[in-house]
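Predicted model only: the values in this text are computed from it and were never measured. Every heavy atom of this structure was used, including side-chain atoms; hydrogens, water molecules and symmetry mates were not. Here is the naming used below: chain letters follow the sequence lines, and residue numbers restart at 1 for every chain.
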Amino acid sequence: MTYALVDCNSFYASCERVFRPDLKDRPIVVLSNNDGCVVALSKEAKKVGIKMCEPWFKIKDSFTRQGGVAFSSNYELYADISARVMQTLEYSAPRIEIYSIDEAFLDLSGVSSCTELEQFGRECQEKVKCWTGMPVRVGIGPTKTLAKAASYGAKKYLATGGVVDLSKKERQRKLMSIMPIEEIWGVGSRLKQHLNKMGITTALELADTDTKLIRRRFSIVLERTVMELRGYPCIGLEEHPSTKKEIVVSRTFGKKVTTLESINEAVSDYAARAAEKLRRENQYCRVVSVFARTNPFRLQDQQYSNILSCKLNLPTNDTRDILQVTKMLSRKVYKSGYNFIKAGVMLSDFYDKGVYQSDFFIPDSRRPKSEKLMKTIDKINATSENRVTFAAQGVRKPWSMHRHFQSPKYTTNWDELLVVS
DNA sequence: TCTGGGGTCCTAGGACCC
DNA sequence: TCTGGGGTCCTAGGACCC
């Protein structure tokens with residue numbers, strides 16, 4: 001097998017630059033919802049000492065003083081640029097797996113016999129840059145884990161020009177010998193701690209550890225990682241996204257919330273969005289959960305957190321059914337006297353249409369014409385700015401998040417197109 | 001004053017069944 | 001005096017990913 005991992009450089013920050021060439025070489029950060037903390041940063045921002053996940057309020061002053069520019073997240077823009085990048089990659093390889101918003105695995109098994117792989121990587125880079133404006137790097141290897149490692153090398157060492165080919169055993173071992181284990185795909189901070197205690201600190205040391213020992217001390221997951229590092233593919237390409245097993249919609253509030261009415265409104269709003277996502281998956285859910293919690297950073301506040309679930313008689317994807325349940329649950333989750341900062345809705349236990357065992361003794365509670373109504377609502381909401389919503393979702397939404405530095409939706413909204421004068 | 005959101009997989013242990 | 005064996009399902013918790 002030969003895999004390539006194509007990875008966008010500082011994806012969100014680069015998206016902001018696509019339509020703002022004046023920001024070339026400026027430090028850029030992109031902030032999470034509510035402009036809370038840094039979720040993406042350009043290499044110039046890294047250079048002035050900004051770290052991932054830092055709270056914006058702590059770095060705001062010094063960052064702007066150093067010429068930095070901050071953006072609130074603009075998911076419409078990022079999703080659209082991502083789609084363009086993925087489409088470009090589909091022209092480059094016969095089979096691709098879209099792994100996340102900014103990464104894709106390519107199957108290069110056929111390519112390797114007719115083109116030099118490193119050359120392929122550079123051409124791919126150029127094509128994506130030319131067609132979409134997005135800078136990417138390319139890591140190539142016989143397994144997905146090694147392709148990921150190659151991509152790490154391409155990021156870390158500038159001399160590579162953003163393309164690393166690990167087809168050859170010697171190159172694999174050379175890179176792994178200077179690669180810390182926590183940079184390996186599948187090794188996080190906990191495993192790093194455990195492995196360090198066993199004296200394993202580099203990727204190469206892990207690759208050379210006995211797999212039986214790894215299986216016994218850890219799990220089959222890490223055993224697979226070891227095999228992949230040795231060049232034996234254990235993780236295949238997944239071309240078609242499998243149906244989801246759960247759907248979560250949750251948000252931190254723009255300001256603290258204390259009343260049941262506000263919690264209810266927010267939870268109803270999230271429920272409607274979750275139901276919409278569920279229908280997009282063509283699924284029906286049987287379990288609905290609601291959670292809410294206070295702000296753990298406010299040490300002066302009394303803390304509280306709770307989650308409650310309800311199993312329905314029949315699977316549904318009708319927003320009205322889900323709203324009914326979430327309202328009941330949020331009443332139970334809510335407690336007066338607390339400052340709530342976040343709430344959410346979770347849907348799980350999914351079924352395909354018509355696939356479930358109904359109960360002889362429970363009357364059929366399905367609503368007539370549900371499917372047609374939901375389809376119509378989804379259609380209107382997909383094409384119009386004036387969304388159809390349920391009264392429970394609220395109108396003014398004082399609890400909703402704020403985003404002060406959002407860029408225009410250059411590619412997805414007629415009113416926000418780039419104007420050249 | 002201000003600290004994100006959305007997912008997956010694996011394992012161990014308990015309940016329960018025959 | 002002596003108290004089995006094999007299996008499934010569910011849940012909570014832990015770990016990881018972007």
Side-chain angles (χ1 to χ4, degrees), chain A residues 5 7-12 29-41 51-61 63 70-75 78-79 82 97-105 144-145 148 151-152 181-195 214-225 234-235 238 241-256 270 273-274 277-278 281 286-287 289 291 293-301 307 309 311 339 341-350 400-405:
Chain A
L5 177 72
D7 205 331
C8 300
N9 300 337
S10 322
F11 180 62
Y12 291 176
V29 297
V30 177
L31 306 173
S32 63
N33 285 342
N34 290 313
D35 300 330
C37 50
V38 175
V39 290
L41 57 171
K51 297 252 157 45
M52 192 73 160
C53 300
E54 260 181 310
W56 170 238
F57 74 91
K58 281 190 186 165
I59 58 162
K60 170 160 68 181
D61 292 341
F63 182 63
F71 290 94
S72 308
S73 348
N74 183 346
Y75 295 113
Y78 309 154
S82 170
E97 171 187 344
I98 297 171
Y99 177 66
S100 72
I101 194 163
D102 71 333
E103 281 171 69
F105 286 103
K144 284 167 116 180
T145 306
K148 272 271 196 184
S151 163
Y152 161 79
I181 40 168
E182 67 270 25
E183 300 292 346
I184 300 169
W185 188 40
V187 178
S189 63
R190 288 312 181 96
L191 283 174
K192 172 196 150 109
Q193 279 176 29
H194 282 145
L195 290 165
I214 294 293
R215 179 78 173 90
R216 212 170 51 237
R217 290 254 188 115
F218 301 93
S219 72
I220 193 165
V221 186
L222 192 61
E223 187 185 7
R224 257 183 230 138
T225 301
C234 303
I235 308 168
E238 283 173 37
S242 44
T243 43
K244 288 195 187 352
K245 291 170 183 167
E246 58 180 33
I247 286 170
V248 181
V249 176
S250 75
R251 298 272 182 283
T252 301
F253 303 133
K255 53 184 178 189
K256 63 189 179 201
Y270 306 157
R273 279 168 198 278
K277 285 189 185 183
L278 184 62
E281 290 275 311
R286 242 194 116 176
V287 172
S289 317
F291 65 88
R293 64 166 173 79
T294 51
N295 185 351
F297 292 103
R298 281 181 64 91
L299 301 171
Q300 68 273 38
D301 279 9
I307 174 163
S309 306
K311 189 162 187 165
N339 295 325
I341 192 66
K342 183 175 183 172
V345 169
M346 198 188 301
L347 307 180
S348 50
D349 197 10
F350 293 172
S400 70
M401 61 183 173
H402 42 77
R403 293 191 285 200
H404 293 309
F405 320 109

Checklist entry - Between Glu238(A) (CD) and dT8(B) (P), how many Å, whole number? => result 11 Å
Checklist outcome for this item: With the side chain defined as heavy atoms from C-beta on, Val248(A) is closest, among dG6(B), dC10(B), dG4(B), to dG6(B)
Checklist entry - Would you call Lys148(A) and Glu103(A) a salt bridge, using N to O less than 4.0 angstrom? => result yes
Next on the checklist: Once you apply a heavy-atom cut-off of 4.0 Å, does Lys60(A) come out as touching a base, just sugar-phosphate, or nothing?
Outcome noted: nothing
Checklist entry - Which heavy atom in Arg215(A) sits nearest to a heavy atom in Ile220(A), and how many Å separate them? => result NH1-N, 3.7 Å
Next on the checklist: At 4.0 Å (heavy atoms only), tell me whether Ser73(A) reaches a base, stays on the sugar-phosphate, or touches nothing.
Outcome noted: nothing
Next on the checklist: Measure CD1/Ile59(A) against P/dC2(B) and give the value in whole Å, please.
Outcome noted: 17 Å
Next on the checklist: Checking base pairs now: Watson-Crick or wobble, both atom distances under 3.5 Å. What partners dT11(B)?
Outcome noted: dA12(C)
Checklist entry - Expressed in angstrom and rounded to an integer, what is the separation of Arg190(A) atom CZ from dC17(C) atom P? => result 13 Å
Next on the checklist: Taking 4.0 Å as the cut-off, does a side-chain nitrogen or oxygen of Arg224(A) come that near to OP1 or OP2 on dC9(B)?
Outcome noted: no
Checklist entry - Of the non-hydrogen atoms in Val39(A) and Ser32(A), which two are nearest, and what is the gap between them? => result CG1-CB, 3.7 Å
Checklist entry - Can you check the Lys311(A) NZ to dT11(C) C1' distance for me, whole Å? => result 12 Å
Checklist outcome for this item: Checking dA15(C), dG4(B), dC17(C) against the side chain of Lys148(A) (C-beta onward), the nearest is dC17(C)
Next on the checklist: The side chain of Arg251(A) is closest to which nucleotide in this list: dG4(B), dG6(B), dT3(B)?
Outcome noted: dG6(B)
Next on the checklist: Just to be sure I understand the rule, does Trp185(A) reach a base, reach only the sugar-phosphate, or reach nothing, if contact means heavy atoms closer than 4.0 Å?
Outcome noted: sugar-phosphate
Checklist entry - If you check the Asp102(A) side chain, which of dC18(C), dT3(B), dG6(B) turns out closest? => result dC18(C)
Checklist entry - Within less than 4.0 Å of OP1 or OP2 of dG5(B), is there a side-chain N or O belonging to Thr252(A)? => result yes
Item to check | Nearest atoms (heavy-atom pairs only) where Met401(A) meets Thr252(A) | outcome: CB-O, 4.3 Å
Item to check | Nucleotide nearest Lys244(A) (side chain, heavy atoms from C-beta), chosen from dT8(B), dT3(B), dG5(B) | outcome: dT8(B)
Checklist entry - What does Ile101(A) touch in the nucleic acid at a heavy-atom separation under 4.0 angstrom: a base, only the sugar-phosphate, or nothing? => result nothing
Checklist outcome for this item: With Ile341(A) as partner, the option from Arg293(A), Arg251(A), Arg298(A) fulfilling side-chain contact (heavy atoms from CB on, under 4.5 Å) is Arg293(A)
Checklist entry - Counting distance only, does the side-chain N/O of Ser82(A) pair as donor-acceptor with the main-chain N or O of Ile101(A) below 3.5 Å? => result yes
Checklist outcome for this item: Which of dG7(B), dG5(B), dT3(B) is nearest the side chain of Asn295(A)? It is dT3(B)
Checklist entry - Using a cut-off of less than 4.0 Å, is there contact between a side-chain N or O of Lys277(A) and OP1 or OP2 of dG7(B)? => result yes
Checklist entry - So what does Ile307(A) touch, heavy atoms closer than 4.0 Å: a base, only the sugar-phosphate, or nothing? => result nothing
Checklist entry - When the distance from NE2 of His402(A) to C1' of dT1(B) is rounded to whole Å, what number comes out? => result 10 Å
Next on the checklist: Which is more 5' along DNA chain B, the nucleotide nearest Ser32(A) or the one nearest Ile220(A)? Just name the residue.
Outcome noted: Ser32(A)
Checklist outcome for this item: Separation of dC2(B) atom C1' from Ile341(A) atom CD1, nearest Å, is 9 Å
Item to check | Between dT11(C) (C1') and Met346(A) (CE): distance, integer Å | outcome: 14 Å
Item to check | Most 5' of Gly36(A) and Ser219(A) on DNA chain B, judged by nearest nucleotide | outcome: Gly36(A)
Checklist entry - Looking at Arg215(A), does any N or O in its side chain come under 4.0 Å of the phosphate oxygens OP1/OP2 on dT11(B)? => result yes
Next on the checklist: Between Arg298(A) and dT1(B), is there a contact of a side-chain N or O with OP1 or OP2 at under 4.0 Å?
Outcome noted: no
Next on the checklist: From C-beta outward on Phe57(A), which listed nucleotide comes closest to its side chain: dT3(B), dG4(B), dA15(C)?
Outcome noted: dT3(B)
Checklist entry - Which is true for Glu54(A) with a 4.0 Å heavy-atom rule: it touches a base, it touches only sugar-phosphate, or it touches nothing? => result nothing
Checklist entry - Any side-chain N or O of Lys256(A) under 4.0 Å from OP1/OP2 of dT3(B)? => result no
Checklist outcome for this item: Rounded to whole Å, CG of Leu278(A) lies from P of dG6(B) at a distance of 15 Å
Next on the checklist: Classify Lys255(A) by what it touches in the nucleic acid, base, sugar-phosphate, or nothing, heavy-atom distance under 4.0 Å.
Outcome noted: nothing
Next on the checklist: Donor-acceptor pair, distance only, cut-off 3.5 Å: does the side chain of Ser73(A) make one with the backbone of Leu31(A)?
Outcome noted: yes
